[in-house]
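Single-structure report; data block below.
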Amino acid sequence: MGKQMAEYEKQHIAKMRQLAPECMVLLKRGGDFPLEGPGEVALYGNGARCTIKGGTGSGDVNARFYVTAEEGLEKAGFTVTTKGWMDGYDRIRAEAKDAFIRDIKRRAKEAHVLAVVMGMGAVMPEPDYELPLDGQGDMAIYVLSRICGEGNDRQMTEGDLKLTRTEVRDILACNEKYAHFLLVLNVGSAVDLTPVSEVKNILLLSQLGVVTGDALADVILGRAVPSGKLSSTWAKAEDIAQISDFGDSDETRYREGIYVGYRYYGSDGKAPVYPFGFGLGYTDFAFDAEGLKVSGCAVSVQAKVKNTGAFPGKETLQLYVTAPWSTLDHPYLELAAFHKTSALKPGAEETCTLSFDLAELASFDAGSASYVLEEGRYVLRLGTSSADAKAVYVLELPERVTVCERTHIGGTPDFEDWKPEHTWEKEDLSGLEVTKLSVSELRDAFAKEVRASCAGLPATSRSASAAPSGKATDYVKKLPEEQLVRLVIGNYGEGGILSVIGEASTKVAGAAGETYGKLPEVPPLVMADGPAGLRLSRQFVRTKKGPKSVGSPLPAGMEDLLPGIAVKWMNLRSRAPKGEVLDQYCTAIPIGTALAQSWNPELIEACGDVVGAEMERFGIDLWLAPAINIHRHPLCGRNFEYCSEDPLLSGTVGAAITRGVQRHPGRLVTIKHFCANNQEFNRYQNDSIVSERALREIYLRSFSVCLREGNPGTLMTSYNLLNGTHTSERSDLLRTFLREEMGWDGLIMTDWIIGNMNNPALKNRTAHAAPTIKAGNELFMPGSKKDAQQVLDALHGTHASYHLTREEIEVCAARVADTVWKLKKEQ
Ligand code: BGC
């Protein structure tokens with residue numbers, strides 16, 4: 001480890017320690033916690049010592065250190081009485097890992113693919129074992145952890161989504177044996193908790209970056225209060241299995257349509273184990289609706305929240321709407337607004353307002369290609385989770401109203417979306433105040449400006465024309481062909497694989513990529529990954545050829561999967577040259593799902609501010625985050641990086657972190673992965689088959705909320721295809737949706753498409769550079785000589801499949817130049 005911690009690190013870590021408890025969700029409260037003070041603790045579970053701070057892959061942040069559960073409890077004054085158990089577990093885990101790696105290598109050999117491709121993000125299932133639960137004292141904590149990451153999905157098996165027999169046995173035994181027992185879930189997304197449902201105290205710690213163990217100790221000792229709420233439903237494994245396609249190598253049919261997460265469970269009458277929006281604290285709250293205001297399309301509900309318990313806490317009120325079934329079907333609940341209170345002492349009250357624009361409730365009618373509000377009763381329901389939302393007001397719309405008209409985008413699937421039985425229409429709503437909506441007022445309001453995400457950016461930030469500036473257009477016109485093309489292809493180096501993993505930037509060690517840098521007028525834009533902080537090399541040496549990372553540039557775990565000779569070669573290459581070793585320590589912040597669990601945009605913005613400050617310090621222009629894909633299926637291997645199953649919550653989180661980062665002049669976020677990227681297995685060649693309604697109301701909506709509320713500077717398309725064509729090659733998504741409908745003029749780039757990813761045995765190919773540029777995707781990342789050549793061939797008319805005009809390339813190149821100039825001017 002480098003020198004002593006710098007002042008900025010101390011401040012950022014202190015900030016995270018203050019904020020992280022709000023991201024934890026107390027799932028069960030038996031009254032044993034918080035403790036009055038530290039004492040003996042019997043600490044068990046696979047996450048006790050090997051605590052997970054975040055997932056693997058590009059989302060893994062190379063922090064200086066992070067605090068495990070064991071360390072956090074010891075620092076707080078606890079005496080851990082189970083060191084022998086933990087040493088025993090370490091040995092069992094090491095053996096299981098060796099066997100796991102050997103198995104991946106064997107399977108890869110049989111399948112003729114690289115082990116590193118097959119094993120990327122693969123989850124090692126937890127082994128079964130017998131270790132005596134002999135820790136002393138009357139208090140035990142069992143930390144159950146799970147890890148996953150890009151490249152592979154989770155499994156429905158024991159040791160991943162399900163608990164192993166060992167875990168179930170030991171958790172239940174601890175629950176019996178110890179007077180005070182807490183099950184701590186150090187996971188990035190759901191596990192099936194049904195076999196341990198009798199446990200009295202369950203805390204979803206989540207994965208909170210650098211302060212994970214410290215924040216746990218703070219909450220156990222009542223120095224901080226867990227006030228998070230689930231951002232996605234936790235269901236039984238059997239119920240998840242009914243959710244429709246997942247895991248096919250070629251095609252994924254989103255047959256459930258708009259019924260994702262609680263929209264499905266709520267409508268199908270199935271009770272999840274823990275519902276969306278659920279979370280306890282150390283206290284109780286009572287709430288009441290106190291008034292409704294409707295003005296044009298603006299609706300607000302006033303409510304009062306009171307802390308009725310004996311401990312301080314924060315409550316999150318959630319306002320859901322049940323829309324009428326007319327020609328279109330609707331889920332039982334859709335989140336329309338939410339509000340988190342400030343910290344309330346016992347007995348304290350807070351009045352809050354939950355507001356939304358009626359246009360946000362509009363459904364996409366594929367028949368008329370328009371967003372509409374259908375006639376009938378809109379029931380507003382207020383609650384502290386999706387399971388306890390009670391009807392408080394009714395809005396009545398006498399006629400169907402069109403919010404805005406659109407053209408079709410996204411293609412058409414080969415199936416009809418699933419719909420539930422509509423069983424809730426007979427609900428007795430007598431006694432509730434009914435407010436008649438004025439059709440003419442609504443029409444007027446929608447004709448002026450629709451203040452909703454389906455209408456795009458607000459008039460003030462809407463780009464008048466999606467075209468790049470005159471200055472940039474003139475500049476690129478004069479560029480020779482080779483250089484023009486280099487501007488739209490990432491800055492590839494001569495280092496082969498190393499120039500894409502770990503050493504992709506000539507400016508900053510460990511950055512993920514950059515734009516072409518040899519034109520003196522257009523310096524390169526440097527990009528680094530996220531979303532759980534800034535991903536850079538911890539240490540580097542400056543050389544004449546640029547910064548050189550100290551240590552292996554490879555993501556953790558990748559070395560195990562490479563052939564020995566390749567590792568030797570890379571280690572040789574990555575040996576740091578002589579010179580002063582400089583530090584680049586970044587703060588690991590809570591994972592995306594944990595941030596969403598806070599339901600607190602101010603907190604999330606503060607995390608973005610920390611990232612933005614570190615971007616300034618280390619010279620990063622674009623942060624390749626936040627990732628705001630929808631939690632469509634609990635097994636998606638990247639769910640921990642994403643925020644929620646609900647598009648409003650996802651988009652709000654994305655917008656908050658964007659504001660925090662972009663508060664720093666000359667620093668921009670890159671929201672990703674646009675769109676319908678909800679499976680990691682064969683992600684480069686998988687086709688997401690989605691109806692336009694589901695696409696618009698669920699998968700595009702998290703992006704449109706984020707675009708509207710945060711105005712992010714850049715966006716990354718996803719690897720997958722959408723209804724037969726790669727998202728990166730779809731002009732309807734890029735030009736029609738982002739430019740025309742949203743009015744957004746930021747830079748669009750691809751995800752990291754590398755030639756040798758293509759598996760010819762699969763039905764679909766990976767995305768290509770020429771059709772990508774043709775569709776209006778301005779930057780093909782990370783770029784290679786082959787990609788540049790393809791664009792040149794398409795320009796010269798010598799490519800068999802693709803044709804590009806010079807003007808098409810110029811528009812893309814000019815946007816790159818514009819983005820560089822805008823940022824460099826602000827910095
Ligand atoms: C991931 C992106 C990431 C990029 C650069 C890709 O494999 O999907 O999320 O930003 O690599 O590291």
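Just follow the structure's listing: the first ligand is 1, and inside any ligand the first atom is 1. What's counted below: heavy atoms across the whole structure, side chains too, no hydrogens, waters or symmetry copies.
Close approach of ligand 1 to L624 (heavy-atom distance below 4.0 Å) involves ligand atoms 10 (O). In summary, the atoms of ligand 1 found under 4.0 Å from a heavy atom of R683, numbered by their order in the structure, are 7 (O), 8 (O). Near Y719, meaning under 4.0 Å from one of its heavy atoms, ligand 1 places the atoms 6 (C), 7 (O), 8 (O). Residue E150 approaches ligand 1 through these ligand atoms, each under 4.0 Å from one of its heavy atoms: 1 (C), 6 (C), 7 (O), 8 (O).
Residue M716 touches ligand 1 through its side chain alone, judged by heavy-atom distances below 4.0 Å.
When D751, T670, I753 are checked for heavy-atom proximity to atom 4 (C) of ligand 1, D751 turns out nearest. When the heavy-atom distances from atom 3 (C) of ligand 1 to N677, T750, I754, D529 are ranked, the shortest goes to D529.
Contact annotation: the side chain of L635 never approaches that of D160 to less than 4.5 Å [non-hydrogen atoms, C-beta and beyond].
Residue contacts with ligand 1 include H673, since one of its heavy atoms falls under 4.0 Å from the ligand. Between R638 and ligand 1 there is a heavy-atom distance shorter than 4.0 Å. Residue contact annotation: E641 has no non-hydrogen atom under 4.0 Å from ligand 1. Not a single heavy atom of M527 sits under 4.0 Å from any atom of ligand 1.
Annotation: K672 places an N or O atom under 3.5 Å from an N or O atom of ligand 1; distance criterion only.
A donor-acceptor pair shorter than 3.5 Å cannot be found between the side chains of Y684 and H726. Between Y719 and T766, the side chains place no donor N or O within less than 3.5 Å of an acceptor N or O (distance only, hydrogens not considered). There is no side-chain donor-acceptor pair under 3.5 Å between D646 and S644.
For the atom pair SG of C636 and CD of E641, the computed distance is 9.0 Å after rounding to the nearest 0.5 Å.
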Item to check | side chain to side chain donor-acceptor pair (under 3.5 Å) between T717 and T727, intermediate numbers included | outcome: CA-CA 6 Å; T717 51; T727 56; 4.8 Å; no
Checklist entry - Do Q827 and D621 pass the side chain to side chain donor-acceptor pair (under 3.5 Å) test, and can you show the C-alpha distance, the side-chain angles, and the key distance before you say yes or no? => result CA-CA 9 Å; Q827 283 172 7; D621 302 297; 2.7 Å; yes
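Centroid-to-centroid, the aromatic rings of F703 and F737 stay 6.0 Å apart or farther.
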